[in-house]
Number of protein chains: 2
Amino acid sequence: MKDNNDMPGHLARRFQQIAVAVFLAEVGEAGYDLTPVQYAALATIKANPGLDQVTLAGLIAYDRTTITGVIDRLAQKGLIERRASSRDRRARELEVTDEGKRTLRKITPAVESAQRIMLRGLSAKEGDELMRLLRKAIAAGNELSRAPLREA
Amino acid sequence: MKDNNDMPGHLARRFQQIAVAVFLAEVGEAGYDLTPVQYAALATIKANPGLDQVTLAGLIAYDRTTITGVIDRLAQKGLIERRASSRDRRARELEVTDEGKRTLRKITPAVESAQRIMLRGLSAKEGDELMRLLRKAIAAGNELSRAPLREA
DNA sequence: TACTGATAGTCAGCATACTGAGCAACATCA
DNA sequence: TGATGTTGCTCAGTATGCTGACTATCAGTA
């Protein structure tokens, strides 16, 4: 009988669980209330102003039905704006507000600190190796989830 | 500006996302409807008959508020039974039913196949190394989530 | 131009996860 | 025994993720 600790799926869940907890703790201590998912969306919108929801979802591998709620919450917090596209009346163009940009600047140290904390059991070399292996496994499995990563 | 791919937190989320999708696909193809979370709970109850919910939660690092729903669904499917404990009237003792045991036997190949598929981009050696690094990072961060792993 | 298929977004419903609160039962100690 | 603190479990509320269905719109073609 295999132990849970021999199951990559179980380890994936556990590592993700810790990663989220660390992120929320660090960002919360900095005085902000942003989830990892909201942060990634916000940062990606800032890097790609005016992109639509489907493109955003592809860039961070979110399901299109999930992104709706994330966008709603970011908009409600005043961090982004959602405008109808002029070229395609189905699409909505996303833009980070000034407050969104300010928030991003302010929480960056907390976000980076969180990334360090979740790897604190590993040496720098091991941390790099873990990320390399995760990237490789993810690349091979990209099409297996409903929300694969998509290039812009 | 750091890329998402340099964030262990993002990689964790993505790997977990793929792991769940692969698990559901494999188990679904085998004709069963069990989530990874339900599977881990079921297997752990079978290995520790009569354990209570808090102990179960500790063994698989689930939050105690999450386990309630998982147990409900397993019981509703007829895979486990929940009895009041005679020693502690607050506690409920969990037991796998015969159908639960049969189900566990039947889906084991699908579960193992899923674990292989989610590592298919890696060599055997790389897969082992990924698991080792995940275990190490998880051990160091165990206490950082609300639902840490606990020994029996 | 009318038809057909694809695409952008949303919604309902279900299953994790978590926060925080609450109740019942237990354990300990004055 | 009685007060106090702890523990097992549940519930309400919020935030991902997913399945599947639906509307509005677009794009290509007959």
Side-chain angles (χ1 to χ4, degrees), chain A residues 9-10 12-14 16-25 28 33-41 51-58 60-77 82-94 144-148 150, chain B residues 9-10 12-14 16-25 28 33-41 51-58 60-77 82-94 144-148 150:
Chain A
H10 184 78
R13 178 189 153 280
R14 189 81 186 94
Q16 149 79 352
Q17 179 183 43
I18 291 168
V20 171
V22 168
F23 185 100
L24 292 176
D33 175 33
L34 261 198
T35 66
V37 161
Q38 288 166 14
Y39 170 79
L51 86 175
D52 63 292
Q53 294 186 192
V54 168
T55 304
L56 170 61
I60 46 187
Y62 292 7
D63 193 276
R64 71 184 191 289
T65 64
T66 299
I67 209 105
T68 300
V70 176
I71 295 291
D72 279 347
R73 287 180 280 276
L74 285 175
Q76 185 166 14
K77 290 176 184 176
R82 185 157 38 170
R83 292 194 314 270
S85 165
S86 50
R87 279 157 310 176
D88 185 339
R89 273 184 301 167
R90 293 169 302 179
R92 289 145 171 274
E93 292 175 356
L94 306 172
L144 300 179
S145 76
R146 170 163 140 160
R150 296 278 178 233
Chain B
H10 184 78
R13 176 188 154 280
R14 190 80 187 91
Q16 149 80 351
Q17 178 182 45
I18 291 168
V20 171
V22 168
F23 185 100
L24 292 176
D33 176 32
L34 261 198
T35 66
V37 161
Q38 289 165 13
Y39 170 79
L51 86 175
D52 64 293
Q53 294 186 192
V54 168
T55 306
L56 170 61
I60 46 187
Y62 292 7
D63 193 276
R64 70 186 187 289
T65 63
T66 300
I67 208 103
T68 300
V70 175
I71 295 292
D72 279 347
R73 286 180 281 277
L74 285 174
Q76 185 166 11
K77 290 177 184 176
R82 187 158 36 171
R83 293 194 314 269
S85 165
S86 49
R87 279 157 310 180
D88 185 339
R89 272 184 302 168
R90 291 169 304 179
R92 290 145 171 274
E93 293 175 355
L94 306 171
L144 300 178
S145 77
R146 168 162 141 161
R150 296 281 178 231

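The chains referred to below are lettered A, B, ... by the order of the sequence lines, with proteins before strands, and numbering in each begins at 1.
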Please report the distance, rounded to the nearest Å, between [atom1] in [X] and [atom2] in [N].
X       : N      : atom1 : atom2 : value
A/Ile60 : D/dG17 : CD1   : C1'   : 13 Å
A/Leu34 : D/dT14 : CG    : P     : 18 Å
A/Leu24 : C/dG20 : CG    : P     : 11 Å
B/Ile71 : D/dC9  : CD1   : P     : 9 Å
B/Phe23 : D/dC18 : CZ    : P     : 16 Å
B/Tyr62 : C/dT19 : OH    : P     : 17 Å
A/Gln17 : D/dG17 : CD    : C1'   : 16 Å
B/Arg87 : D/dT7  : CZ    : P     : 18 Å

Side-chain donor/acceptor of B/Tyr62 to backbone N/O of B/Val37, under 3.5 Å: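 Checked: pair present.
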A/Arg13 side-chain N/O to B/Ala61 backbone N/O, donor-acceptor pair under 3.5 Å: yes
Sugar-phosphate only, base, or nothing, as touched by A/Ala21 at under 4.0 Å among non-hydrogen atoms: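 Answer is nothing: A/Ala21 stays at 4.0 Å or more from every strand.
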Residues A/Asp88 and A/Ser85: side-chain donor-acceptor under 3.5 angstrom: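 Their side chains do not contain a donor-acceptor pair, so the 3.5 Å distance test is not met.
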Under 3.5 Å side-chain donor-acceptor pair for B/Gln17 and B/Arg14: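 Checked: B/Gln17/B/Arg14 side chains pair up, N/O donor to acceptor below 3.5 Å.
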For A/Gln53, all residues meeting side-chain contact (heavy atoms from CB on, under 4.5 Å), sequence neighbours excluded: A/Ile67, A/Thr68, A/Ile71, A/Arg82, A/Arg92, A/Leu94
Footprint string (nucleotides 8-16 of chain C, 5' to 3'): B base within contact, S backbone only, - free, heavy atoms under 4.0 Å: SBBB---SS
A/Ala41 to A/Val70 - nearest heavy-atom pair and separation: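 Closest pair (atom of A/Ala41, atom of A/Val70, distance): CB-CG1, 4.0 Å.
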